[in-house]
Amino acid sequence: MSQDLAQEIRNCRLCSARFAATPTGHRPRPVVWFRPSARILIAGQAPGMRVYEAGRPFADASGDRLRAWLGLDEAAFYNQDQLAIVPMAFCFPGYNAKGSDLPPPPICAQSWHSRVFDALPDVRLRILVGGYAQKFHLGTRGSVTDTVANWRAFGPDVFPLPHPSWRNTAWLKKNPWFEAEVLPVLQTRIKEVMRNE
C-alpha cells in the first residue's frame, strides 16, 4: 500500500505549470522517502535545488548539519525502515526573482499528507524542521525561535528544530542553549526509539 502511494507521489505533476513559471523553469520531481515501518518522522519544508538534482532528501550541507544535530550517520539517517522524511512539499518549489527559495505550495500537503501519515502508523518521534512544518503539525503561530525555545512543552515525542541551513549559523550563535540543551535530549530520544524502548 505505502509503496503504491509513494509511486503515486513520485508521479505527481500537479505543480507542472507553477514550476515552469519560476525562474528555474524546472519540472516536478517529487522526492519521496518513507516506509510504513518508520518510527521517526522528520517533517521539513521542501527540497532545495541540490536535493532536487540528487533525488534524495537532505543531500546537501543542511543535511550534514541536521545529521550532526541528530547524532546519526548517513546509513542510519537514510534507513527508511526507521526514518521517514515528509516535507511540506515533495518537490523543489523553485526560486523567486531574487534567487530565494519559494515557499512550499500548499496543494502538496493538501493532496498527500493525510494519506502519507495514515501510512506511517508506527511513528513514535516527530522532528519538525522549520516554521512551515511547525505551523502544520503543531498549529503554532509564533516565531521559530519561540517554538524551539518552548520545546519541552511538546513532550518527549515531538521536537521542533530550526532549519539547519547555513543561513541560520548566526541564529545558532545567538541561541547557544539550542545545541547545549535541546540536542542532547533529542539524540537520547532518537537512540531510545531506534532501540524500540
Side-chain angles (χ1 to χ4, degrees), residues 1-36 38 40-70 72 74-80 83-120 126-137 144 160-172:
M1 167 96 177
S2 75
Q3 290 312 307
D4 293 342
L5 175 58
Q7 193 57 51
E8 274 189 69
I9 297 169
R10 287 187 190 98
N11 293 336
C12 179
R13 297 298 178 263
L14 285 170
C15 294
S16 293
R18 179 193 312 267
F19 296 162
T22 68
T24 47
H26 63 290
R27 295 178 178 169
R29 185 186 187 189
V31 178
V32 183
W33 206 266
F34 64 86
R35 289 189 187 139
I40 297 171
L41 168 69
I42 296 179
Q45 178 169 311
M49 176 60 90
R50 288 187 182 170
V51 170
Y52 171 81
E53 292 168 345
R56 192 159 101 156
F58 290 103
D60 54 16
S62 294
D64 294 338
R65 177 177 271 173
L66 179 60
R67 286 184 284 277
W69 286 354
L70 304 181
L72 297 175
E74 283 200 16
F77 183 82
Y78 287 116
N79 179 354
Q80 293 183 63
L83 196 145
I85 301 172
V86 182
M88 295 306 300
F90 289 103
C91 289
F92 168 54
Y95 298 129
N96 64 21
K98 295 181 180 179
S100 298
D101 288 352
L102 289 166
I107 191 172
C108 190
Q110 292 164 1
S111 299
W112 299 112
H113 273 50
S114 63
R115 291 178 63 196
V116 170
F117 297 130
D118 285 348
L120 296 171
R126 292 185 295 154
I127 300 166
L128 311 179
V129 180
Y132 288 101
Q134 290 161 17
K135 285 178 176 66
F136 180 85
H137 288 270
V144 170
L161 305 183
H163 196 281
S165 166
W166 61 269
R167 292 180 183 92
N168 279 338
T169 299
W171 186 94
L172 293 169

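Each residue takes its place number in the sequence, starting with 1.
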R27 atom CZ, over 12 foreign heavy atoms within 6.0 Å: no
Roughly how far, to the nearest 0.5 Å, is the CG atom of L5 from the CG atom of D118? 9.5 Å
Shortest non-hydrogen contact between A133 and G44, atoms and distance: CB-O, 3.8 Å
Any side-chain heavy-atom pair from I9 and V116 closer than 4.5 angstrom? yes
Check whether any side-chain heavy atom of F58 lies under 4.5 Å from a side-chain heavy atom of I42, and answer yes or no. yes
Is it the case that the side chain of S111 and the backbone of I107 share a donor-acceptor pair, with hydrogens and angles ignored and the cut-off at 3.5 Å? yes
Sub-3.5 Å donor-acceptor pair from the side chain of R67 to the main-chain atoms of E74, do we have one? no
NZ of K135 to CE of M88, rounded to nearest 0.5 Å, is 11.0 Å
Hey, what do you get for CG (L102) to CZ (R18), rounding to the nearest 0.5 Å? 9.5 Å
May I ask you to check whether over 12 heavy atoms, not counting those of R65, lie within 6.0 Å of atom CZ? yes
C12 and P28: which non-hydrogen atoms are nearest, and at how many Å? O-CB, 3.9 Å
Residue pair P30 / W112, side-chain heavy-atom distance below 4.5 Å: no
Please check: side-chain N/O of H113 versus main-chain N/O of P87, any donor-acceptor pairing under 3.5 Å? yes
For W33, does its backbone N or O pair with a side-chain atom of Y78 as donor and acceptor, under 3.5 Å? no
Suppose we call two aromatic rings close when their centres sit under 6.0 Å apart. Are Y132 and H163 close by that rule? no
For a quick test of reading the model, state the closest non-hydrogen atom pair linking R29 to E53 and the distance between them. NH1-O, 2.8 Å
Pairwise distance CZ(F90) to CD1(I85) - rounded to 0.5 angstrom: 11.0 Å
Shortest non-hydrogen contact from A109 toward F136: CB-CE1, 4.3 Å
Rounded to the nearest 0.5 Å, the CZ atom of F92 sits from the OG1 atom of T24 at a distance of 5.0 Å
Which distance, rounded to the nearest 0.5 Å, do you find between the CG of N168 and the CG of L161? 11.0 Å
In short, A59 meets V51 closest at the heavy-atom pair N-CG2, 3.6 Å
Return the minimal non-hydrogen interatomic distance between P93 and T22, and the atom names on each side. O-CG2, 3.7 Å
Is any side-chain heavy atom of L70 closer than 4.5 Å to a side-chain heavy atom of I40? no
